[in-house]
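Please read the structure below before turning to the comments.
All values below come from the heavy atoms of this structure, side chains included, with hydrogens, waters and symmetry mates left out. Everything numeric here is computed off the predicted structure, so don't read it as measured data.
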Amino acid sequence: MNAGRLPAGAGLLARSALAALVIAAVSACGVQVPTDPGRTLDRVRSERVLRVGATHAPPRVVATDPEGEPSGPEAELAQRYAAHLGARVEWTTDSEAALVEDLSDGEVDLVVAGLDATSPWAADVGLTRPYAESTDPGGQTRQHVLAVPAGENALLSDLERWLDAAEGAS
């Protein structure tokens with residue numbers, strides 16, 4: 001006999017009900033998950049400008065003139081992602097280190113720099129999961145990523161969903 005005990009499965013039901021209540025309470029407060037503390041994704045959509053930092057990293061990014069538009073697969077990805085957001089690209093061309101600082105300072109929204117999953121900047125920025133692979137001249141496989149400001153998870157999530165769905169993202 002189960003005197004004083006709950007029926008089998010009642011604990012799971014109670015935890016599920018509690019989880020549903022917590023989710024409903026958080027949603028009622030207007031909290032969105034994922035979120036952008038700096039509201040980057042909302043700003044890009046409202047201002048219709050995606051500020052992209054690019055550094056010369058052939059063949060992924062070719063940025064030869066600070067006044068010109070970068071080219072290459074990652075520059076094209078940035079253009080297509082901006083179009084997805086209903087925005088135009090505003091380019092900044094600089095070194096990787098300067099662009100990482102620009103991400104931290106909120107001066108750029110996305111960096112295309114031929115980065116890979118082993119980037120030394122991983123602790124300072126938000127990196128997408130790898131969206132493409134290539135083989136470098138030494139025969140090593142490189143998993144390519146893009147960078148967004150650290151903590152801007154709504155932007156990062158939207159970009160990753162778009163990369164997953166984009167044909168020819170490499």
Any side-chain heavy atom of [X] within less than 4.5 Å of one from [Y]?
X    : Y    : result
R60  : L115 : no
L155 : S157 : no
P70  : V112 : no
Q140 : T135 : no
R142 : E133 : no
V62  : H56  : yes

Checklist line | Sidechain N-carboxylate O distance under 4.0 Å for D164, R129 | finding: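 Here D164 pairs with R129 in a salt bridge, since their nearest N and O are under 4.0 Å apart.
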Check: Quick one: do R161 and D158 make a salt bridge, cutoff under 4.0 Å?
Finding: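 Salt bridge between R161 and D158, a charged N being under 4.0 Å from a carboxylate O: yes.
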Point-to-point distance, once rounded to the nearest 0.5 Å, from [atom1] of [X] to [atom2] of [Y]:
X    : Y    : atom1 : atom2 : value
R88  : L85  : CZ    : CG    : 13.5 Å
R39  : R45  : CZ    : CZ    : 11.0 Å
L50  : R43  : CG    : CZ    : 8.0 Å
D124 : L103 : CG    : CG    : 10.0 Å
Q79  : H84  : CD    : NE2   : 14.5 Å
L146 : L127 : CG    : CG    : 9.0 Å

Margin query: Is there a path of hydrophobic side-chain contacts, each under 4.5 Å between heavy atoms of I/L/V/M/F/W/Y residues, joining V108 to Y81?
Written below: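 Different clusters.
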Notebook entry, point to check: Is V44 reachable from V49 through a run of I, L, V, M, F, W or Y residues, each pair having side-chain heavy atoms under 4.5 Å apart?
Noted result: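 No, V49 and V44 fall in different hydrophobic clusters.
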Next item on the list: Please determine which of L110, L41, L77 meets the side-chain contact (heavy atoms from CB on, under 4.5 Å) test together with L159.
Entry: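 Option passing the side-chain contact (heavy atoms from CB on, under 4.5 Å) with L159: L110.
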Item checked: Positive for side-chain contact (heavy atoms from CB on, under 4.5 Å) with V100, one of D105, V125, T55 ->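 Single side-chain contact (heavy atoms from CB on, under 4.5 Å) partner of V100 among D105, V125, T55: V125.
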Next item on the list: For the pair T40 and V148, evaluate side-chain contact (heavy atoms from CB on, under 4.5 Å) and give the outcome as yes or no after the intermediate values.
Entry: CA-CA 10 Å; T40 303; V148 300; over 6 Å; no
For [X] versus [Y], what's the shortest heavy-atom pair and its separation?
X    : Y    : value
G86  : R48  : O-NH1, 3.0 Å
Q143 : P130 : CB-CB, 3.6 Å
A54  : V61  : CB-CG1, 4.0 Å

Next item on the list: Go through the steps to decide whether D109 and E152 satisfy the test side-chain contact (heavy atoms from CB on, under 4.5 Å), and finish with yes or no.
Entry: CA-CA 9 Å; D109 309 314; E152 295 300 280; over 6 Å; no
Next item on the list: Test side-chain contact (heavy atoms from CB on, under 4.5 Å) on R51 and W91 and set out the steps.
Entry: CA-CA 6 Å; R51 301 168 307 171; W91 293 102; over 6 Å; no
Notebook entry, point to check: Side chains of Y131 and E74: do they bring a donor and an acceptor to under 3.5 Å?
Noted result: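 Per modelled atom types, Y131 and E74 side chains form a pair under 3.5 Å.
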Checklist line | Sidechain-backbone polar pair: N153 side chain, D36 backbone, donor-acceptor under 3.5 Å | finding: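 No: the side chain of N153 does not pair with the backbone of D36.
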Notebook entry, point to check: Between V145 and W121, is a side-chain contact (heavy atoms from CB on, under 4.5 Å) present by the stated rule, with each step listed?
Noted result: CA-CA 11 Å; V145 298; W121 309 112; over 6 Å; no
